[in-house]
Amino acid sequence: MLDIKLIRDQPDAVATALADKGGAELIHEILARDAERRRLIKDAEDLKALRNRASEAIGQARRRGEDASAEQARMREVGDRIKALDAEVKTVDAAIEALLAQVPNVPHPSVPRGKSDADNVEVRRWGTPRDFAFAPRPHEEVGEALGLLDMDRAAKIARARFAVMWGALSRLERALGQFMLDLHTREHGYTEVWVPHLVSGETMLRTGQLPKFEEQLFKTVEADEGRTLYLIPTAEVSLSALHGGEVLAERTLPRRYTAFTPCYRREAGTYGKDMKGIFRNHQFDKVELVKLATPAQGYEELESMVREAETVLQRLELPYRVVERCAGDVGFSAAKGYDLEVWLPGQGKYREISSCSNYADFGGRRVDIRFKPEGGGKPDFCHTLNGSGLAVGRTVIAVLENYQNADGTVTIPPALRPYLPGLDRLTPRA
RNA sequence: GGAGGGGUGACCGAGCGGCCGAAGGUGCGGCACUGGAAAUGCCGUGCGCGGGGCGAACCCCUGUGCCGUGGGUUCAAAUCCCACCCCCUCCGCCA
């Protein structure tokens, strides 16, 4: 969330910055509530000061053996008024927090203006889409023809938008995850972390998944306890919540964490969209990248994170482009972000395979991660960054489509061979 | 699942209902000592919120709150009561 002080001090600047993103209309109401809050706090604290002084005097009087019952009765009343004021403060606090939670992050000045993804800006391209001597097929056809991708049985045992991958394709999925983790931990300075896939509602709130995206989450209930846990829609949730409530030493920043986990998403409201194959499923694997950085490091770390994700595609020799998201498309929590879009010959389009964002202090404030400056001084909120490095399911798609052969087989990208000993092509399942 | 113990500042660890934001230690910062360092000595070292000092930053003053979380008792709660969360030990069960 935004710093209320920023809204207080520069309401017009904030409203202007949110022009493309929305939320500017909330500013006025927040200011009104904030003024009310401060008035109430002042009143309550004045009374508390009065009570503290009186209590002191009562204590002394009683130790002298004097009667202080009149003063005690007076303070009892003051106590009741304090209680009432505190309750009002609490109500207003909750209202402000609810309002503040609806205000999106202010885009970084460098972010291009625009309303939708149509206004996103292509930053660079890498690789040349291969020339096919035949009509390249979409991944679901390639996979199903080989008998390795099995959407029907997945639907049978679960429902639509789930997948079953047999044999070598399952191996490919696993190998890709392994390959990405090794790359990021060995070459990019990330620490591999194994995290819970089910987290509390509190964690979902602190990572901005709730309440806004509740309809996208799978929720579990322990039947006999009635307790709720949520399936993570991305490992970003678990990774970025790890240090919630902590104050980190500046010299330990930036911290770079990566995790390979399944991700669970309801995909509500996407009926009919990307229904074929595994492009948009309820369950998919992803290698997630999360960084905690100082404000001074934040944007530099965003650029390097994008390059780190790109490296995966380069090693796999998959053509892609980098797109910077415009102000209207950058995402609720993000101050700046890039998408990596991989070339899918079966679709004849570049499609998103990674999204890297800097949530800046907006994220750090919400999860409450701060750092203590090296030379002393007040703790300040960390920048939190996250990105996919990469979405494994979509990488499988990219491999199936870009490496497909005329005979229906699929060549294994050379960089992946060490992870798939004895396998250089996907062939029909026996 | 049964029985018991415990959650205090960056960390360890004291703490009679008022004089406790909290002893002591460690760590950290500064200074002294040193050719430089170690050791030693001295000093300093929490966070949030509100009000004010030039409505900026840094800083200062002042008030208030914070001893797992939330309630309660009381003129007054780290200290008493209740609920919840978490951790630990022993027994049972178990991948």
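These values consider heavy atoms only, across backbone and side chains, with no hydrogens, waters or symmetry-generated copies.
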(request) Return the value, rounded to whole Å, for the distance between atom CG of A:Asp86 and atom C1' of B:G71. (result) 13 Å
(message) Please report the distance separating the P of B:A32 from the corresponding atom of B:G36, rounded so that it comes out in whole Å.
(response) 11 Å
(message) Angle between ring planes, A:His108 versus A:Tyr299, binned at 30° and 60°: parallel, tilted or perpendicular?
(response) tilted
(request) Would you check if the side chain of A:Thr252 reaches a backbone N or O of A:Ala249 as a donor-acceptor pair within less than 3.5 Å? (result) yes
(message) Suppose you measure atom C1' in B:U69 against the same atom in B:A78; what distance do you get, rounded to whole Å?
(response) 15 Å
(request) Considering only atom C1', compute the distance from B:C28 to B:U79 and round it to an integer number of Å. (result) 30 Å
(request) Measure from NZ or CZ of A:Arg394 to the centre of the six-membered ring of A:Phe279 and say whether it is under 6.0 Å with the direction within 45° of the ring axis. (result) yes
(request) Tell me what A:Arg370 touches on the nucleic acid: a base, only sugar-phosphate, or nothing, going by heavy atoms under 4.0 Å. (result) sugar-phosphate
(request) Starting from the 5' end of RNA chain B, give me the residue, A:Arg53 or A:Arg251, whose nearest nucleotide shows up first. (result) A:Arg251
(request) Assign A:Arg8 to base, sugar-phosphate, or nothing according to its heavy-atom contacts below 4.0 angstrom with the strands shown. (result) sugar-phosphate
(message) By the 4.0 Å heavy-atom rule, please label A:Asp46 as base, sugar-phosphate, or nothing.
(response) nothing
(request) With P as the reference atom in both, quote the distance from B:U45 to B:G1 in angstrom, rounded to an integer. (result) 48 Å
(message) So, taking the atom named CD in A:Glu202 and the one named OG1 in A:Thr207, what distance separates them when rounded to the nearest 0.5 Å?
(response) 10.0 Å
(request) Go ahead and name the base partner of B:C19; Watson-Crick or wobble counts if both distances stay under 3.5 Å, otherwise write none. (result) none
(request) For A:Ile41, answer base if it contacts any base atom (sugar-phosphate contacts may also be present), sugar-phosphate if it contacts only those atoms, and nothing otherwise; contact means non-hydrogen atoms under 4.0 Å. (result) sugar-phosphate
(message) Does the structure show a Watson-Crick or G-U wobble partner for B:A78, both distances under 3.5 Å? Name it, or say none.
(response) none
(request) Go ahead and name the base partner of B:C58; Watson-Crick or wobble counts if both distances stay under 3.5 Å, otherwise write none. (result) none
(request) Would you classify A:Ala49 as touching base, sugar-phosphate or nothing, given that sugar-phosphate means primed atoms plus P, OP1 and OP2, and contacts are heavy atoms under 4.0 Å? (result) sugar-phosphate
(message) When the C1' atoms of B:G15 and B:A77 are compared, how many Å lie between them, rounded to an integer?
(response) 14 Å
(message) Quick check on B:G63: is either OP1 or OP2 less than 4.0 Å from any side-chain nitrogen or oxygen of A:Asn52?
(response) no
(request) Determine the interatomic distance between P on B:G35 and the same-named atom on B:A10; round to the nearest Å. (result) 39 Å
(message) Nearest whole Å is fine: how far is B:G65 C1' from A:Asp93 CG?
(response) 12 Å
(message) By the 4.0 Å heavy-atom rule, please label A:Arg74 as base, sugar-phosphate, or nothing.
(response) nothing
(message) Is it the case that the base of B:G18 and the side chain of A:Glu56 share a donor-acceptor contact (distance under 3.5 Å, atom types as modelled)?
(response) no
(request) Rounded to whole angstrom, note down the P distance from B:C16 over to B:G6. (result) 14 Å
(request) Give the ring-plane orientation class for A:Phe362 versus A:Phe332, where under 30° counts as parallel, over 60° as perpendicular and anything between as tilted. (result) perpendicular
(request) Please state whether the phosphate of B:U62, meaning OP1 or OP2, lies under 4.0 angstrom from any side-chain nitrogen or oxygen of A:Lys48. (result) no
(request) Walk me through it: do A:His243 and A:Tyr257 pass the test ring pair (Phe, Tyr, Trp, His ring centres under 6.0 Å)? (result) CA-CA 11 Å; A:His243 291 293; A:Tyr257 297 147; 5.6 Å; yes
(message) Under 4.0 Å from OP1 or OP2 of B:G50: is there any side-chain N or O of A:Arg37 that close?
(response) yes
(message) Would you measure the distance from the C1' atom in B:C94 across to the matching atom in B:C12 and give it in whole Å?
(response) 36 Å
(request) Kindly point out which of B:G50, B:G70, B:A76 is positioned nearest to the side chain of A:Arg51? (result) B:A76
